[in-house]
Structures are given as structure tokens and as C-alpha cells.
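All remarks here apply to the structure that follows.
Residue numbers run from 1 in the order of the sequence given.
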Amino acid sequence: MTTAAPRTRVGPRKAWTTGQIVLTLLGTTVSAVFLAPLAWALSTSWKSETEAVEVPPHWLPEDWTGQAWTTLLETGNLTNWFVNSLVVSVCVTAVVLLVSALAGYGFARTEFRGRGVLLGVVMAGLMVSPAVLGVPLFTTVQQLGMVDTYWGMILPQCAPAAMVYILYKFFQGVPRELEEAAFIDGAGRWRVFFTIVLPLSRPSLAAVGIFTFISSWNNFLWPYMVTNDPDLMTMPNGIATVMNSYGIQWAQLMAGGLMAGLPLIIVFVFFQRQIVAGVAHTGLAGQ
């Protein structure tokens, strides 16, 4: 004889409170404001150039055409630009992760003379605009013979003052008891760092890596200054060159912007949890 499973009584659904309704409407409004430019760019990219400049404008194309996308693919060296952006961004991200992890752990866990002063010097880098350093950096890169090279684009972007601070704050929150137990078992500083500290800091490392990759991918000014070879242009520089060759072609401009931003959209979609978790683990959310 089998016993029937007891039925779960489902009560009436609670009505939304005024606060929930207000927050939902506010969230919907903010989302619409952020998504409207993206939707407009996508719609304009499928218009003809004549229709793209019509006044008053309209959201949906009257005559759907992929002319802007076709022209961009035919006139632009998109494969090289994409590869260049990927190589530069991945290398910058790898170097920044290594340098910021070592520096942040060193400041958080080791005591040495002048530590506070040196940390202050590193943090002072947060107050210096990259545009101010453009000319001195270019002069240095030119004297080193790294103009029109990958290293000329990569190395000047590897001064991660903000990333050092993020990991420094995280490492300060790691319990010292874990490291002391490893030291008692005979582990050295390097082994503790690579086998205990780094695995615990994966959320923060993921956030730092994602932020660095996005910043490097979007960097227009520095690759523009240090690169004259069309075969070494990154995606933002290459698309800007195509736009300048034909004047302001709005449909092509929107198509190029979407094409350049597509990898970043993919990063946000697939790694949004890591971004939120990384910010939460650094202790910066409440500061």
C-alpha cells in the first residue's frame, strides 16, 4: 500500500508593495536608458546611408540593407585588427595580473623599511591622468625603438596602480592563520603565495583581469600614438581609420562600433557574476 504524498498548500500570491512597484519601474527605466543607444546603433547599421541621416529620424529601417556591414568588411582589415586587439589585451591582462598580485601581496604581508612611502607613491599613480603621461611615454618608447611594435603598445599599459590597490585590500582580509599554519608545516613564502593565497583570491583576480581586458580593448589614444603601421592597428583605431577615409558614414560608424564592442558585451554577459563577486570580495563595495 502506497501512501500519497501530502499536497503542499499554495496560498494566494502576495500583492506587490508600493516599494517593489517603484523599484521595478525605476529598474526598467534605467535599463531602457542604457539599452536605447545600443538598439539605435543596431537599427541604424541596417539602414542605407541616405536613410541614416534623414530628419526626423525613425527607429526601424524602412528599407533593410546590410550595405554598411558589407562595406566595412570589404574595406577594413578586420581580421588583423581583431587579432592585434586580442594579443595586446591578453598580454596586458596577464602582465597586470602578475604584477598587481605580487605587489599587492608584498604590501599586505611583508614589512620593510619605506613600505608606507612606496605604497603612497604607487597610489599616487591613481591621481595622474594617462593623457598627461602620453608625451613622456611616447618619447621613452621611441628611444627604446619600440614604435610600431606589440611591446610598444603593451608595456606602457602595464602600470596597474588601481589593480594593485584592489588586490592589496583583498590580501589584507585573508586570515593570517592560514599562512602561519603553512609556515609551520615548512612551506616557504612563494609556496604559500601560489598554493594558498592565489586560490583564495580567484574572484578578485577574475575581476581585475576582466577590468584590465576591457580597459585595454577600449584603449584608443595610446595605440593611436605609438602605431603608424596599418597592419598593427587595434580594432578601435582601425575602425576609426575606415570612418575617416569616407567621411562620416553613420551606418558604417554604427556597424563598426557594434563590431568593436561585441567582445566586451560577450565578456559582460558571461562574466558578470565574477565581476560582482570580485568587487564584493575586495572590500571596495562599501567604501
Using the ring-ring contact (aromatic ring centres under 6.0 Å, His included) criterion, which residues pair with [X]? Sequence neighbours excluded.
| X | answer |
| --- | --- |
| Trp151 | none |
| Phe107 | none |
| Trp250 | none |
| Tyr224 | Phe220 |

Co-membership, hydrophobic cluster, residues [X] and [Y], 4.5 Å side-chain:
| X | Y | answer |
| --- | --- | --- |
| Met259 | Ile266 | yes |
| Met163 | Leu133 | yes |
| Trp81 | Val83 | yes |
| Leu118 | Val99 | no |
| Phe34 | Ile265 | no |

Where do [X] and [Y] come nearest, in terms of heavy atoms and distance?
| X | Y | answer |
| --- | --- | --- |
| Gly152 | Val141 | CA-CG1, 4.1 Å |
| Thr65 | Lys47 | CG2-C, 3.6 Å |
| Pro223 | Met153 | CB-SD, 4.0 Å |
| Leu97 | Leu205 | CD2-O, 3.4 Å |
| Asn84 | Met233 | ND2-O, 2.9 Å |
| Met235 | Trp217 | CB-CZ2, 4.5 Å |

Roughly how far apart are [X] [atom1] and [Y] [atom2], rounded to 0.5 Å?
| X | Y | atom1 | atom2 | result |
| --- | --- | --- | --- | --- |
| Met254 | Trp46 | CE | CH2 | 15.5 Å |
| Phe138 | Thr140 | CZ | OG1 | 10.5 Å |
| Leu221 | Asn237 | CG | CG | 9.0 Å |
| Leu264 | Ile210 | CG | CD1 | 11.5 Å |
| Leu155 | Tyr150 | CG | OH | 14.0 Å |
| Asn219 | Gln157 | CG | CD | 4.5 Å |

TODO: Any chance you could pull the hydrophobic cluster mates of Val33, using side-chain heavy atoms under 4.5 angstrom and chaining through other members?
DONE: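 Reading the cluster by chain and number, Val33 sits alone, since nothing else belongs.
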Open item on the list: Using the side chain to side chain contact (heavy atoms under 4.5 Å, CB included) definition, which of the options Thr149, Asp148, Thr234 pairs with Thr227?
Closed with: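 Result for side chain to side chain contact (heavy atoms under 4.5 Å, CB included) with Thr227: Asp148.
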Open item on the list: Any non-hydrogen side-chain atom of Leu137 less than 4.5 Å from a side-chain atom of Met225?
Closed with: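 The answer is no, as the side chains (C-beta and beyond) never meet within the 4.5 Å cut-off.
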- [ ] Report yes if some heavy atom in the side chain of Pro61 is under 4.5 Å from a heavy atom in the side chain of Ser48; otherwise report no.
- [x] no
Task: Verdict with reasoning, Leu119 to Tyr168, per side-chain contact (heavy atoms from CB on, under 4.5 Å) - done: CA-CA 10 Å; Leu119 181 60; Tyr168 163 71; 3.7 Å; yes
Open item on the list: Please verify the inter-ring angle class for Trp190 with Phe194; under 30° counts as parallel, over 60° as perpendicular, anything in between as tilted.
Closed with: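 Geometry flag for Phe194 against Trp190: parallel rings.
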- [ ] Determine the interplanar angle of the Phe171 and Phe193 rings, folded into 0 to 90°, and report it as parallel if under 30°, tilted if 30 to 60°, perpendicular if over 60°.
- [x] perpendicular
Open item on the list: Quick test of your reading: applying side-chain hydrogen bond (donor to acceptor under 3.5 Å, both in side chains), list the pairs with at least one residue in residues 95-115, sequence neighbours left out, ordered by first then second residue.
Closed with: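 Checked against side-chain hydrogen bond (donor to acceptor under 3.5 Å, both in side chains) - neighbours excluded - the pairs reaching residues 95-115 are Tyr105-Glu179, Tyr105-Arg189, Arg109-Glu179.
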- [ ] In sequence, state the C-alpha distance, the side-chain angles, and the governing distance for Leu178 and Leu200, and then conclude on side-chain contact (heavy atoms from CB on, under 4.5 Å).
- [x] CA-CA 11 Å; Leu178 297 176; Leu200 291 174; 3.7 Å; yes
Within the side chain of [X], is there an N or O that forms a donor-acceptor pair under 3.5 Å with the backbone of [Y]?
| X | Y | answer |
| --- | --- | --- |
| Thr17 | Gln20 | yes |
| Trp222 | Ser216 | no |
| Ser201 | Leu198 | yes |
| Ser43 | Ala39 | no |
| Ser89 | Ser85 | yes |
| Asp229 | Asp231 | yes |

TODO: Kindly determine whether Trp69 and Leu258 satisfy side-chain contact (heavy atoms from CB on, under 4.5 Å), including the steps that lead there.
DONE: CA-CA 10 Å; Trp69 294 91; Leu258 289 171; 4.1 Å; yes
